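From a predicted model like this one, the values you see are computed outputs, not experimental measurements. Numbering of residues begins at 1 and proceeds along the displayed sequence.
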Amino acid sequence: MSTSDVLIVLGAFLACAVELVEALTIVLGVGVVRGWRSTLIGVGAAGAVLVLLIALLGPALQRIPIQGLRLVVGALLLAFGLQWLKKAILRSSGYKALHDEDVAFREGQAQAAAGGAERRAGLDWYSFTVAFKGVLLEGLEVVFIVIAFGSTQGHMGLAVAGAAAALVVVIVAGVAARGPLSRVPENTIKFAVGLLLTTFGCFWAAEGAGVDWPGDEFSLLAVLAFFGLVSVVLVRSLRRRHRLVPVGAKA
């Protein structure tokens, strides 16, 4: 496997794992309180929609000229990755609270307990809609990442394999833990995903604009190292600044 192949599988696996952990927390919060039948039907319906999107969009994107596709997808991936990276830097430096799956799980349970008892078509409508929306929204990001990684290099299979591996790992871990995966270093993984998305976005957008990278795919490692170094410097600088700001002045 080439350098880009390894990074595609790794990026798809980590990015999808993060989104799936958050989807799992939503599903568990509803299912534990209100029952599993309607909740799992909602999960299945959302999964069917997501599979259909991949089946329709994947082949359609491959008909677009590769240079134009890399420019557009690379730019979108760069914007998406920078958003993830910004949040990760702010969390690591103390300017943004760390995401806590235990807290999210308890909030989901409280909302599920307070939800109405409306039934439609034999389903607990609250359980169905919450599970459906939660999985669909988190899954849309998974679909975007899989299609972005797979279509620009013509390696849809690798991206799908990375996402499928993440799905299996998260489901098995969730069943084994019987609760939210709070021990998963989610914020660290998000930092890594932000770096990978930003790296691929920069690399592919530049290629689409006609840039000839020295060393071809090995340049990915240099770009990754550059963004990683800049991120570490920003985290340390912001953390130092955060400590110097008086408590009353922090907003």
Side-chain angles (χ1 to χ4, degrees), residues 3 6-26 28-29 73-108 134 137-142 144-145 148-149 162-163 166 169-170 173-174 177 179-206 219-251:
T3 302
V6 173
L7 292 179
I8 284 172
V9 174
L10 180 62
F13 175 83
L14 292 177
C16 294
V18 168
E19 301 299 339
L20 291 170
V21 165
E22 295 182 358
L24 176 66
T25 300
I26 295 171
L28 286 173
V73 172
L76 291 173
L77 207 57
L78 180 60
F80 198 54
L82 286 173
Q83 184 181 27
W84 277 48
L85 198 53
K86 175 187 174 182
K87 290 180 180 179
I89 290 172
L90 290 175
R91 287 191 180 103
S92 298
S93 60
Y95 277 89
K96 188 177 179 69
L98 298 177
H99 184 76
D100 190 326
E101 290 299 331
D102 277 331
V103 173
F105 179 65
R106 288 194 294 270
E107 290 177 349
L137 291 176
E138 300 295 344
L140 285 174
E141 294 195 40
V142 172
F144 170 74
I145 290 167
F149 278 160
V169 169
V170 170
L181 302 181
S182 55
R183 294 185 179 182
V184 173
E186 186 177 342
N187 295 291
T188 302
I189 295 176
K190 284 181 177 180
F191 207 129
V193 171
L195 286 173
L196 288 171
L197 294 180
T198 304
T199 296
F200 273 110
C202 178
F203 185 84
W204 286 335
S219 296
L220 277 167
L221 297 177
V223 177
L224 178 62
F226 170 76
F227 282 118
L229 179 61
V230 171
S231 298
V232 170
V233 170
L234 286 173
V235 167
R236 291 184 177 180
S237 175
L238 289 172
R239 187 178 293 165
R240 192 179 305 113
R241 179 182 174 186
H242 187 65
R243 290 171 180 170
L244 292 174
V245 176
V247 175
K250 294 177 182 179

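Residues R239 and Y95 fail the side-chain proximity criterion, which asks for heavy atoms closer than 4.5 Å. Looking at heavy atoms from C-beta onward, F226 lies out of side-chain contact with T199 at the 4.5 angstrom threshold. Considering only heavy atoms from C-beta on, L76 comes within 4.5 Å of F144 through its side chain. A heavy-atom distance below 4.5 Å is found between the side chains of I8 and F200.
Just one of V230, L78, V223 meets the side chain to side chain contact (heavy atoms under 4.5 Å, CB included) condition when paired with T198; it is L78. Under the side chain to side chain contact (heavy atoms under 4.5 Å, CB included) test applied with F203, the options L77, L220, L224, L7 reduce to a single match, L220. Residue K190 is tested with E141, E19, E22 for a salt bridge (charged side-chain N to carboxylate O under 4.0 Å, His left out); the sole match is E22.
Between the OG atom of S93 and the CZ atom of R236 there is a distance of 13.0 Å, given to the nearest 0.5 Å. The CG atom of L82 sits 9.0 Å away from atom SG of C202, with the distance rounded to the nearest 0.5 Å. Separation of atoms CG (L140) and CD1 (I145) is listed at 11.0 Å; rounding is to 0.5 Å. Put simply, CZ on R241 and CG on L234 are 11.5 Å apart, with the number rounded to the nearest 0.5 Å.
Of all heavy-atom pairs between A17 and V170, the closest is O-CG2, 4.0 Å. In plain terms, the two heavy atoms of V142 and C16 that are nearest each other are CG1-SG, 3.4 Å. The minimum heavy-atom distance between S231 and L195, with the atom names listed, is OG-CD2, 3.7 Å. Of all heavy-atom pairs spanning A166 and L20, the tightest one is C-CD1, 3.8 Å. Annotation for A192 and L14: closest pair CB-CD1, 4.3 Å, computed over non-hydrogen atoms. Here the closest heavy-atom approach between residue L196 and residue G11 is recorded as CD1-CA, 3.6 Å.
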